[in-house]
Amino acid sequence: MAAPPTVAAPPEAARSALLDAIATELPRLKVLTDEGDRESYRLDETAYLEAGLPLAVALPTETAEVATLVRLAAEHRIPVVPRGAGSGLSGGAAGIEGGLTIAFTQMTRILEIDHENLCVVTQPGIINADLKKAVAEEGLFYAPDPASYEMCSIGGNLGTNAGGLCCVKYGQTRDSVLGLEVVLADGSVIRTGGKNVKDVAGYALTHLFVGSQGTLGLITEATLRLRVAPPARSTLLAFFPSLDTSGDAVARLTASGIGLVTFELMDKPTIAAVDDWHHLGLDRDAEAMLLIESDLPPAAAAEELARAVAECEAAGASSTLLAQDPQEADWLRQARRLALRALERLGTVRMEDVGVPRSRVPELLRAIDDIARRHSVRCATFGHAGDGNLHPNFIFDHDDPRAEELTEATRAELYRAAIELGGTVTAEHGIGTSRREFLELQRGAGAVGVMRAIKTALDPLGILNPGRVV
Ligand SMILES: Cc1cc2nc3c(=O)[nH]c(=O)nc-3n(C[C@H](O)[C@H](O)[C@H](O)COP(=O)(O)OP(=O)(O)OC[C@H]3O[C@@H](n4cnc5c(N)ncnc54)[C@H](O)[C@@H]3O)c2cc1C
């Protein structure tokens with residue numbers, strides 16, 4: 001199966017014809033065409049990737065407008081980039097030269113909170129934290145919580161199948177999605193599911209669109225699974241004298257089957273960067289730290305964390321510490337969420353995202369250390385250890401002329417190491433543009449051929465986020 005058609009930068013005539021058609025058919029739609037405005041939609045958070053300047057940025061408020069925009073873009077063969085909050089880390093929402101970016105920032109309405117069926121129906125532009133807050137006010141809980149939850153949108157979470165700090169118990173975004181409304185590449189609109197928690201009618205289209213990074217359709221509405229809000233979390237920190245002992249603790253805790261809700265790792269450079277910024281009094285002599293949480297009722301949580309302490313000590317923890325109260329627990333969790341921003345104070349950070357089967361976390365930690373040493377590059381690692389998902393961050397001085405070359409070399413070695421360990425080149429950030437050349441290495445030509453066949457069937461003109469994923 002050949003690669004789907006790529007869309008060359010559209011000719012000037014097609015660009016102005018599209019803008020005229022939009023103005024005629026959607027006269028009330030907000031469309032940004034000023035160069036300064038468009039510039040701010042060129043990049044996502046993957047700032048080192050090259051990206052194009054969009055022809056225009058449309059800000060629809062409802063599905064019908066999105067459908068018309070996509071139909072017009074198809075008629076004029078103009079590439080379409082769906083965009084949430086632009087916090088992605090694989091270039092998925094970055095601009096395409098002369099393309100139409102459809103930003104969902106005005107589609108933020110919650111359409112229904114359904115207590116009886118424990119679900120919420122929402123537009124995609126709402127920020128994850130705002131959705132969580134709205135349902136929490138009604139005693140309910142939306143589980144997916146990327147570390148970026150205060151800035152990223154539900155549509156972006158669906159686009160990337162985002163992970164986060166409680167996947168270890170509640171799964172990735174995909175595990176909380178019951179149904180979607182999707183605008184297809186010709187502007188038609190389909191529904192893939194709804195409020196049924198069991199529904200096996202036909203192919204699982206909902207799960208096909210989740211994680212497809214805007215290459216198969218634009219999500220305009222989502223029905224998401226809620227839970228009754230769990231009790232406040234009980235929080236444990238465990239410090240380790242070596243990366244090996246922390247990795248062993250990850251493997252032991254996984255095998256123990258304890259149902260932790262948070263299970264995060266930070267290495268020594270990350271501990272120092274976070275502590276320099278937030279002054280939490282962390283053990284800076286430790287080589288690694290695990291942040292471990294339970295969301296069971298207090299007595300059961302105490303029992304769960306006591307078992308976790310025993311596993312950490314058996315792996316060689318140098319000390320363990322329980323958060324004294326919910327406020328201290330919030331600070332610690334927030335500090336972990338801000339780990340990337342803490343590291344960015346040290347230089348230019350290239351954040352990576354690899355995953356391995358959880359028993360192989362110790363080997364992955366050693367492989368990361370080895371790559372950083374051989375290239376003499378500073379590296380700080382944190383991540384969702386309970387999912388086997390680590391984020392090594394290669395850090396360069398702002399004016400380091402070797403930064404680009406070393407970024408390429410370290411990334412390539414890291415991805416190969418993850419694959420050799422039976423892992424993945426991306427556990428939650430997505431292939432986007434940044435990891436495309438490694439997709440086939442991991443999945444094999446046969447599987448990528450199937451992906452391309454799906455892409456070609458759903459988007460024969462290749463206008464939906466071309467050049468991303470496959
Ligand atoms: C500090 C920091 C911490 C982070 N922590 C995490 C983390 O813990 N876990 C994690 O998974 N990620 C994390 N990320 C990455 C990022 O926040 C997630 O990938 C998030 O899901 C992106 O959401 P967004 O709204 O910013 O989407 P965008 O970046 O705008 O888009 C992401 C992708 O989704 C597509 N898309 C957006 N909206 C739609 C739609 N309506 N329909 C179809 N496709 C759409 C886009 O085309 C693009 O391919 C982090 C990023 C930062 C900067």
Side-chain angles (χ1 to χ4, degrees), residues 41 43-47 49 51 57 60 63 66 70 79-96 99 101-108 122-131 144-168 172-174 180-185 208-222 262 264 333-334 336-344 349 351-353 355 382-384 387 389-391 393 426-434 464-469:
Y41 291 83
L43 296 172
D44 63 3
E45 282 273 342
T46 329
L49 290 177
V57 178
T63 303
V66 179
V70 175
V80 170
V81 178
R83 182 175 173 110
S87 72
L89 288 166
S90 60
I96 290 179
T101 291
I102 300 181
F104 285 93
T105 45
Q106 309 292 306
M107 288 182 67
T108 56
T122 183
Q123 289 190 314
I126 188 165
I127 296 297
N128 178 303
D130 293 341
L131 182 82
D145 69 337
S148 52
Y149 79 125
E150 285 169 318
M151 65 173 122
C152 64
S153 73
I154 291 295
N157 296 168
L158 294 163
T160 55
N161 187 19
L165 277 71
C166 67
C167 299
V168 64
Q172 280 179 268
T173 298
R174 175 175 291 146
L180 300 172
E181 178 188 76
V182 182
V183 173
L184 299 178
L208 178 63
F209 287 105
V210 176
S212 65
Q213 297 199 269
T215 60
L216 302 180
L218 281 70
I219 297 165
T220 45
E221 188 187 297
T262 312
E264 297 285 310
R333 205 175 311 116
Q334 189 62 2
R336 157 61 192 91
R337 288 185 196 286
L338 294 173
L340 174 61
R341 298 302 185 219
L343 292 172
E344 283 172 344
V349 177
M351 183 185 187
E352 274 309 329
D353 170 46
F382 58 83
H384 316 295
D387 303 316
N389 175 197
L390 296 182
H391 298 307
N393 295 271
T426 175
E428 58 178 21
H429 292 168
I431 290 288
T433 52
S434 62
L464 295 187
N465 228 353
R468 277 96 206 241
V469 187

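Whatever order the structure lists ligands and atoms in, that order sets their numbers, starting from 1. Hydrogens, waters and symmetry mates play no part in the numbers below; they use all other heavy atoms, side chains included.
The nearest heavy-atom contact from the protein to atom 9 (N) of ligand 1 is E428 OE2, 3.0 Å. Given atom 27 (O) of ligand 1, the protein heavy atom at minimum distance is G156 CA, 3.3 Å. Nearest non-hydrogen protein atom to atom 28 (P) of ligand 1 is G86 N, 3.6 Å. Here the protein heavy atom with the shortest distance to atom 22 (C) of ligand 1 is S87 OG, 3.4 Å. Nearest to atom 8 (O) of ligand 1 among the protein's heavy atoms is A147 N, 2.8 Å. Ranking protein heavy atoms by distance to atom 33 (C) of ligand 1, first place goes to T160 CG2, 3.7 Å. Looking only at protein heavy atoms, the nearest one to atom 47 (O) of ligand 1 is P82 O, 2.6 Å. The protein heavy atom nearest to atom 2 (C) of ligand 1 is S148 CB, 3.8 Å.
Not a single N or O atom of M151, backbone or side chain, sits closer than 3.5 Å to an N or O atom of ligand 1. Polar contact check, S153 against ligand 1: a nitrogen or oxygen pair lies under 3.5 Å apart. Between G84 and ligand 1, a contact under 3.5 Å exists for at least one N or O pair. For a threshold of 3.5 Å applied to N or O pairs, the pair formed by G88 and ligand 1 contains at least one separation below that value. Checking only distances, P146 never comes within under 3.5 Å of ligand 1, N or O to N or O.
Panel note: side chain R174, backbone N161; no donor-acceptor pair is recorded below 3.5 Å. Panel note: side chain S148, backbone M151; no donor-acceptor pair is recorded below 3.5 Å. When atom types are taken as modelled, the side chain of D44 and the backbone of G91 share a donor-acceptor pair closer than 3.5 angstrom. A donor-acceptor contact shorter than 3.5 Å links the side chain of R468 to the backbone of A94. Judged purely by atom type and a 3.5 angstrom limit, Q172 uses its side chain to pair as donor or acceptor with the backbone of A427. Remark: side-chain polar atoms of N393 are not paired, donor with acceptor, to backbone N or O of L340 under 3.5 angstrom. Remark: side-chain polar atoms of E428 are not paired, donor with acceptor, to backbone N or O of A162 under 3.5 angstrom. Checking side-chain atoms of E150 against main-chain N and O of A129 turns up no donor-acceptor pair under 3.5 Å. Using a distance-only test at 3.5 Å, with no hydrogens or angles considered, no donor-acceptor pair links the side chain of S90 to the main chain of S434. In this structure a side-chain-to-backbone donor-acceptor pair under 3.5 Å is present from D145 to C166.
Distance check, rounded to the nearest 0.5 Å: CZ of F104 to CG of L158 gives 11.0 Å.
Contact atoms of ligand 1 toward G159: 34 (O) (distance under 4.0 Å to a heavy atom of the residue). For ligand 1, the atoms closer than 4.0 angstrom to any heavy atom of G164 are 8 (O), 9 (N). Contact atoms of ligand 1 toward H384: 8 (O) (distance under 4.0 Å to a heavy atom of the residue). Close contacts of ligand 1 with Q213, meaning ligand atoms under 4.0 Å from a residue heavy atom, involve 47 (O), 49 (O). The contact set between ligand 1 and G217, taken as ligand atoms under 4.0 Å from a residue heavy atom, comprises 43 (C). Interface of A162 with ligand 1, defined as ligand atoms under 4.0 Å from a residue heavy atom, comprises 11 (O), 21 (O). Shown in contact with R341 at under 4.0 Å from a heavy atom are these atoms of ligand 1, numbered in order with element: 53 (C).
Residues P144 and N128 share a closest heavy-atom pair of O-ND2, 3.1 Å.
Residue contacts with ligand 1 for H429 involve side-chain atoms from C-beta outward but no N, CA, C or O (heavy atoms, distance under 4.0 Å). Looking at N465 against ligand 1, only its side chain comes within 4.0 Å, counting heavy atoms. The side chain of E45, and not its backbone, has at least one atom closer than 4.0 Å to an atom of ligand 1 (non-hydrogen atoms only; side chain from C-beta on). Within the 4.0 Å heavy-atom criterion, neither part of R337 lies near ligand 1.
Looking at L89, D145, T173, it is L89 that brings a heavy atom closest to atom 51 (C) of ligand 1. Atom 20 (C) of ligand 1 has its nearest heavy-atom neighbour, among L180, L165, N157, in N157. Evaluated by nearest non-hydrogen atom to atom 40 (C) of ligand 1, the leading choice among I219, T433, N161 is I219.
Remark: distances from the non-hydrogen atoms of L340 to ligand 1 include one below 4.0 Å. At a 4.0 Å cut-off, not a single heavy atom of M107 sits close enough to ligand 1 to count as contact.
A donor atom on one side chain and an acceptor atom on the other are found under 3.5 Å apart for D353 and T426. A donor and an acceptor atom, one from each side chain of E264 and H384, are located under 3.5 Å apart. Side chain to side chain, E45 and S87 fail the donor-acceptor criterion of an N or O pair below 3.5 Å.
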**Message:** Apply side-chain contact (heavy atoms from CB on, under 4.5 Å) to residues T173 and T160 and explain how you reach the verdict.
**Reply:** CA-CA 9 Å; T173 298; T160 55; over 6 Å; no
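Cation-pi geometry between R337 and Y149 is met: under 6.0 angstrom from the ring centre, within 45 degrees of the axis.
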